[in-house]
Amino acid sequence: MDLPGITFQLLDGLQAAEHTGELQALRAEVYADPPYQRPDAAGLFADRFRVQRRQPGFVLAEARHGAYLVGYASGMPLRPSTSWWREVTTPLPDEVTAEPPGRTFALTDLLVRAAWRRQGIGRALHDLILAGRKEERATLTVPPAATAAQQAFREWGWRRVARTQADGPGSPAADVLLTGLPRGNAA
């Protein structure tokens with residue numbers, strides 16, 4: 001997708017680490033607003049990002065207007081020992097939750113600044129990060145109240161397979177979505 005004035009780039013974990021401050025600030029900005037309203041988003045991001053960017057296969061797609069970061073998407077392949085399916089609220093069959101090596105790519109973040117939404121940037125980041133993946137499918141979580149995100153993912157071919165909720169008081173619930181990938185098209 002050609003978006004005038006917007007440049008897109010894929011980064012590995014080492015390259016993404018150089019932008020940690022920008023990524024953390026963008027996450028805090030997006031998650032401060034409804035439906036997320038997570039004032040602790042920046043702090044949670046730092047620890048999680050430090051672990052995720054070191055995982056084999058981690059990738060981050062960024063969108064910039066000049067030097068200004070307007071959005072990013074990140075993710076990595078799930079490992080066979082993943083905890084991804086541990087907190088689903090209803091049991092799923094083993095054929096859904098089994099994670100042999102290289103089966104599932106987890107899209108862990110997809111964020112676009114409010115002023116830059118509805119211009120195709122989120123879709124472009126989504127398509128860029130999933131293009132050429134070797135995995136057979138991708139998964140993500142999204143809060144049920146994030147109706148715009150829910151609608152976009154449905155339009156992009158994702159389907160809800162479960163709901164997940166972390167233990168602990170006030171832990172937010174999220175829908176677990178899946179989509180198939182054109183396996184083996186990696187360049």
Item checked: R27/E29 ion pair, N-O < 4.0 Å -> no
Next item on the list: Would you give the length of the straight line joining atom CG of L11 to atom OH of Y72, rounded to the nearest 0.5 angstrom?
Entry: 12.0 Å
Check: Does the pair R53/E18 count as a salt bridge with the N-to-O cut at 4.0 Å?
Finding: no
Note to self: If you compare all heavy atoms of A174 against all heavy atoms of P144, which two are closest, and at what distance to 0.1 Å?
What the structure shows: CA-CD, 4.0 Å
Next item on the list: Kindly assign one of parallel, tilted or perpendicular to the pair H65 and W116, based on the angle between their ring planes and the thresholds 30° and 60°.
Entry: tilted
Note to self: If you compare all heavy atoms of I121 against all heavy atoms of A63, which two are closest, and at what distance to 0.1 Å?
What the structure shows: CG2-CB, 3.8 Å
Next item on the list: Side-chain contact test, heavy atoms from C-beta onward, threshold under 4.5 Å: evaluate it for W84 versus T164 and give yes or no.
Entry: no
Checklist line | Validation row: V59, M76 side chains within 4.5 angstrom (heavy atoms) | finding: no
Check: At what distance, to the nearest 0.5 angstrom, does OG1 of T108 lie from CD of Q55?
Finding: 10.5 Å
Note to self: I'd like to know if D109 pairs up with R48 as an ion pair, taking the criterion as any Lys NZ or Arg NE/NH1/NH2 lying under 4.0 Å from an Asp or Glu carboxylate oxygen.
What the structure shows: yes
Check: Can you find a heavy atom in the side chain of P56 that is under 4.5 Å from one in the side chain of P77?
Finding: no
Checklist line | Distance (rounded to the nearest 0.5 Å) between I129 CD1 and L125 CG | finding: 8.0 Å
Item checked: Worked verdict on L128 versus L10 for side-chain contact (heavy atoms from CB on, under 4.5 Å) -> CA-CA 8 Å; L128 178 61; L10 283 176; 3.9 Å; yes
Note to self: Is it the case that the side chains of Q150 and W158 hold a donor-acceptor pair, with the cut-off being a distance below 3.5 Å and no angle test?
What the structure shows: no
Note to self: If you define the side chain from C-beta out and look only at heavy atoms, does anything of R163 sit under 4.5 Å from T90?
What the structure shows: no
Note to self: Do Y68 and V112 sit in one hydrophobic cluster, given that two such residues count as connected whenever their side-chain heavy atoms are within less than 4.5 Å of each other, even indirectly?
What the structure shows: yes
Item checked: Side-chain H-bond candidate by donor/acceptor type, T104 with E99, under 3.5 Å -> yes
Notebook entry, point to check: Is any side-chain heavy atom of R160 less than 4.5 Å from a side-chain heavy atom of F153?
Noted result: no
Next item on the list: Looking only at non-hydrogen atoms, find the nearest pair between A162 and L92 and report the distance.
Entry: CB-CD1, 3.8 Å
Note to self: Using side-chain contact (heavy atoms from CB on, under 4.5 Å), reason through R159 and L177 one step at a time and then give a plain yes or no.
What the structure shows: CA-CA 5 Å; R159 72 185 189 291; L177 308 184; over 6 Å; no
Notebook entry, point to check: Between A16 and F58, which heavy-atom pair has the shortest distance, and what is it?
Noted result: CB-CE2, 3.9 Å
Margin query: A side-chain contact here means heavy atoms from C-beta on lying under 4.5 Å apart; do T139 and W85 qualify?
Written below: yes
Check: Once you round to the nearest 0.5 Å, how far does CZ of F49 lie from CG of L60?
Finding: 6.0 Å
Note to self: A side-chain contact here means heavy atoms from C-beta on lying under 4.5 Å apart; do T147 and Q151 qualify?
What the structure shows: no
Notebook entry, point to check: Side chain of R64, backbone of A67: donor and acceptor closer than 3.5 Å?
Noted result: yes
Check: How would you list, by chain and number, every residue that makes a salt bridge (Lys or Arg N to Asp or Glu O under 4.0 Å) with R117, sequence neighbours excluded?
Finding: none
Checklist line | Spacing of CD belonging to Q15 relative to CD belonging to Q9, to within rounding of 0.5 Å | finding: 6.5 Å
Next item on the list: Nearest 0.5 Å please: distance from the CZ atom of F105 over to the CD atom of E136.
Entry: 14.5 Å
Notebook entry, point to check: Side chains of T179 and W156: is there a donor and an acceptor less than 3.5 Å apart?
Noted result: no
Item checked: Minimum heavy-atom distance between G71 and L26, given as atom pair plus value -> CA-CD2, 3.8 Å
Notebook entry, point to check: For the residue pair L110 and G122, what are the closest heavy atoms and their distance?
Noted result: CD1-O, 3.8 Å
Item checked: Donor-acceptor under 3.5 Å (T141 side chain, D175 main chain) -> no
Check: Are the side chains of L69 and L23 in touch, meaning some heavy atoms are under 4.5 Å apart?
Finding: yes
Check: Taking 4.0 angstrom as the limit, do R103 and E135 come out as a salt bridge?
Finding: no
Check: Out of curiosity, does L140 fall in the hydrophobic cluster containing V161 (side-chain heavy atoms, cut-off under 4.5 Å, transitive links)?
Finding: no
